[in-house]
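In what follows, a single structure is set out as structure tokens and then discussed.
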Amino acid sequence: MKWTEFFIPTSKEVPADAAVPSHQLMLRAGIIRQVVAGAYTYLPLGYRSLRKIEAIVREEMNAARGIELNMPAMQPLEWWELTGRAAAMGDVLVRLGSSGGDDWRARTVLGPTHEEVITEIVRAYVNSYKQLPLCFYQIQTKFRGEARPKSGVLRTREFLMKDAYSFHTCKEGDGGLDDTYDRMYAAYCAIFSRSGLPYIAVEADSGPIGGDASHEFMVPTDAGEDYLVQSEDKAYAANLERAEVAPLADEGGAADAPLTEVHTPNLGTIDEVSTFLKCEPRKMIKTIIYEANGEALVALVRGDHEVNEAKLARAAKVGMVAAADAALINKITGADVGFAGPVGLSARIIVDQAVTVMHDAVTGANKTDYHITGVNPGRDFEVTESADIRMAVKGDCAKNGSPLTFKKCIEVGHVFKLGTKYSEAMSATFLDVNGKSHPMIMGCYGIGLNRIMAAAIEAGHDEKGICWPMSIAPFQVVICALDMRVEEVSTLAGKLHDELEATGIDVLLDDRDARPGFKFKDAELIGIPIRVTVGKRGLADGIVEIQTRRTGETAKVPPLDAVDTVQKLVQAAMEADCARKTK
RNA sequence: CGGGGCGUAGCUCAGCUUGGCUAGAGCGCAGCGUUCGGGACGCUGAGGUCGCAGGUUCAAAUCCUGUCGCCCCGACCA
């Protein structure tokens, strides 16, 4: 491809609206252009890269025995009501018409995923255990009414996803869910390795989608919105939403002071009480009232800790917890919000492990404007249910004793064991050998292709621009013909271009009538992994230069050896990218 | 959805506080000439409903009201 016949609108200026590196660079390199908040055009350069990512994903999914199909973005709202997700998703579900209307638009949504559609297909066509297992996948545009799109293509309202859905008669054994789950997990590792991403697979919370196992694939970068918690010895890694901590030891040295009520007028927060009583937050017990299944559920954590609602819900064995409203808090505690405490409280209480080893703590008195000091768990209130229900924090250790580290990261893939939530809701059943009916057991497996692209840029760029992994670079090689007016230069550059193209390498020939510095800057900005420089100065010495973008290493070779050298570099780079997996 | 910020040329921005002639700069773009191994230079030129609507005024990019859009922080996030 010749630069003058292609379309690469680069820019020197840093776009004012872009905050994160991948967004800035994608705009500057002419990869994307925003159309509205949360939706982008992929310009030719960007689309080449996206198609390469798509090709890798498709190859690996096929290799993992997935079968591809295509489903519509438009779906009936009715199916989303069947599974309860219309309500669960709320405004995130994009509707064609206003919910007040009663025409087809009001009954149609744009799919944020396709569990309902695929389950309906299986319900319609699959009746027997003999037809299972099945694993479908699609690579398609999806829609989510994100309240706040951000960070370029990392969080958008329209995006390209690979979603796979598997259907089984059983969890374990031949053809079972576990089998496919493991195969998908392995395929994901292959996909992210081949895409040149430094990724980490972690235990994740499965959230309201339900299911009993889930892993996320994370790429560490400051632009991410998730936190990865990893032990220093790398033996443990999890999403912050799920990360477990080692129990804290009893610090002892307690006087086990008597209970004392203190007046704390209008002081309802940990900070206020802590300052007023000159008592560190870590010496206080935070009492949070939740509502679960229509009943009050009380969580106790140390004053300097936060409740992890996902962990709390799991520990309490309830589907979901929601913060209680003031009325419920008042009813349970007999006090205004801000003065709740465990002493004398009659409700189901889950005590965080860190609270169980506290002594002489300060907490609410269940009496407006009063707190109590000298609170000792076990002595002053019964600890009937204790669990790890808090967010991990700096200083915590994994269960094996290794200290935990925290990194921001982007989620690029997620695999779930779904179970029978959708098959039951939509009656996707099969008959077993005995003619007995069962709901199918399902798994689902998603990858955000746009995020792979952004993550690759986040993980691979420098002050000059993008450093693409070879496998997903829009072009693998760029030839800078330094002065197209010089006959030998343009002839040789054209010849190298044709020869490289003939060997199957994606090569871009910068044949513009521009000065050398201009071409170098552009080549670096758009991040082509290998640059071949053809100039009359080099030709006078009988050489062309071959430079690697990522390292800056330069080889000077005779023109006749150039194609061979480039081929070897491309090959080596592909292999090196595959080895970049961090864990 | 709460808090903050910003809408002026393709891009980055000035002008607005204190209303006043034909709305500016740099980059980019077009023509001509010089230049050509790290974003060259000179001359000439094109390009604007100042987000939109209403209001105040002799006069509005500037003041007022409304509205739409975009970005950031937070909440939310299968």
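Lettering follows sequence order; numbering is per chain, from 1. This is a predicted model, so every value here is computed, not measured.
For B/G48 and B/C11, the C1' atoms lie 15 Å apart once the distance is rounded to whole Å. Spacing of C1' atoms, B/G66 relative to B/G47, comes out at 32 Å, to the nearest Å. Nucleotides B/G15 and B/C32, compared at atom C1', are 34 Å apart to the nearest Å. A distance of about 16 Å separates the P atoms of B/G26 and B/A14, rounded to the whole Å. One C1' atom belongs to B/U22, the other to B/C52, and the distance between them is 25 Å to the nearest Å. Atom name P, nucleotides B/G5 and B/G38: the rounded distance is 46 Å, in whole Å. Comparing the C1' positions of B/A60 and B/U17 gives a spacing of 15 Å, expressed to the nearest Å. For B/C64 and B/G19, the C1' atoms lie 13 Å apart once the distance is rounded to whole Å.
A/Val486 comes within contact range of no nucleotide atom at all, as no heavy-atom separation falls under 4.0 Å. When heavy atoms are screened at a 4.0 angstrom cut-off, A/Gly538 is found touching base atoms of the nucleic acid.
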*Tell me, what's RNA chain B's dot-bracket, Watson-Crick or G-U with both distances under 3.5 Å, | for other-strand, [ ] crossing?*
(((((((..((((......[...)))).((((((.....)))))).....(((((..]....))))))))))))....
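A straight line from CD of A/Glu463 to P of B/G38 spans 18 Å, rounded to a whole angstrom. With rounding to whole Å, A/Lys536 atom NZ is found 6 Å from B/G37 atom P. Between A/Lys519 atom NZ and B/G39 atom P the separation is 15 Å, expressed in whole Å. Per the geometry, NZ belonging to A/Lys12 stands 17 Å off P belonging to B/C11, to the nearest Å. The nearest whole Å value for the distance from the CG atom in A/Asp541 to the P atom in B/G37 is 14 Å. B/A78 atom P lies 11 Å from atom CZ of A/Arg451, rounded to whole Å. Rounded to whole Å, the distance from CG on A/Asp226 to C1' on B/A78 is 12 Å. If you take NZ of A/Lys556 and P of B/G37, they are 14 Å apart, rounded to a whole angstrom.
In the model, A/Gln75 has a side-chain atom that pairs as donor or acceptor with a side-chain atom of A/His114 under 3.5 Å.
Applying the 3.5 Å distance criterion, the base of B/G38 shares a donor-acceptor pair with the side chain of A/Arg531. Counting distance only, with no hydrogens placed and no angle test, the side-chain atoms of A/Glu13 and the base atoms of B/G10 include no donor-acceptor pair under 3.5 Å. Between the side chain of A/Asp483 and the base of B/G37, no donor-acceptor pair of N or O atoms lies under 3.5 Å.
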*Check against side-chain contact (heavy atoms from CB on, under 4.5 Å), A/Met74 and A/Phe143*: CA-CA 10 Å; A/Met74 283 195 265; A/Phe143 300 85; over 6 Å; no
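Nearest heavy atoms, A/Tyr185 versus A/Val415: CD1-CG2, 4.5 Å. A/Ala106 approaches A/Leu77 most closely through the heavy-atom pair O-CD2, 3.7 Å. The shortest heavy-atom contact between A/Val219 and A/Ala459 is CG1-CB, 4.5 Å. Scanning both residues, A/Met440 and A/Ser423, for their nearest heavy atoms gives O-OG, 2.5 Å.
Each of A/Thr113 and A/Asp513 was matched to the nucleotide of RNA chain B holding its nearest heavy atom; the match closer to the 5' end belongs to A/Asp513. RNA chain B is contacted by both A/Arg512 and A/Arg33; A/Arg33 maps to the nucleotide lying nearer its 5′ end (nearest heavy atom per residue).
Remark: A/Glu225 does not engage A/Lys408 in a salt bridge, criterion side-chain N to carboxylate O under 4.0 Å. Taking the charged nitrogens against the carboxylate oxygens, A/Arg515 and A/Asp483 have no contact shorter than 4.0 Å, which rules out a salt bridge. The pair A/Arg157-A/Glu146 does not meet the salt-bridge criterion, since no charged nitrogen lies less than 4.0 angstrom from a carboxylate oxygen.
Checking B/G37, B/A78, B/G39 against every side-chain atom of A/Asp522, the shortest atom distance belongs to B/G39. Listed candidates were B/G37, B/A78, B/G38. Nearest to the side chain of A/Glu545 is B/G37.
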Polar atom pairs between nucleotides 70-75 of chain B and protein, under 3.5 Å, N or O only, would you list them?
residue	atom	partner	partner atom	Å
B/C70	OP1	A/Ala37	N	2.8
B/C70	O3'	A/Gln34	NE2	3.3
B/C70	O2'	A/Asp17	OD2	3.0
B/C71	OP1	A/Gln34	OE1	3.3
B/C71	O3'	A/Asp17	O	3.4
B/C73	OP2	A/Arg148	NH1	3.2
B/C73	OP2	A/Arg148	NH2	2.9
B/C73	N4	A/Arg148	NE	3.4

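Classification of the A/Phe192-A/Phe217 ring pair by plane angle, with boundaries at 30° and 60°, yields tilted.
A close approach under 4.0 Å does occur between a side-chain nitrogen or oxygen of A/Arg515 and OP1 or OP2 of B/A40.
Side-chain rings of A/Phe167 and A/Tyr422 stay apart, their centers remaining 6.0 Å or farther from each other.
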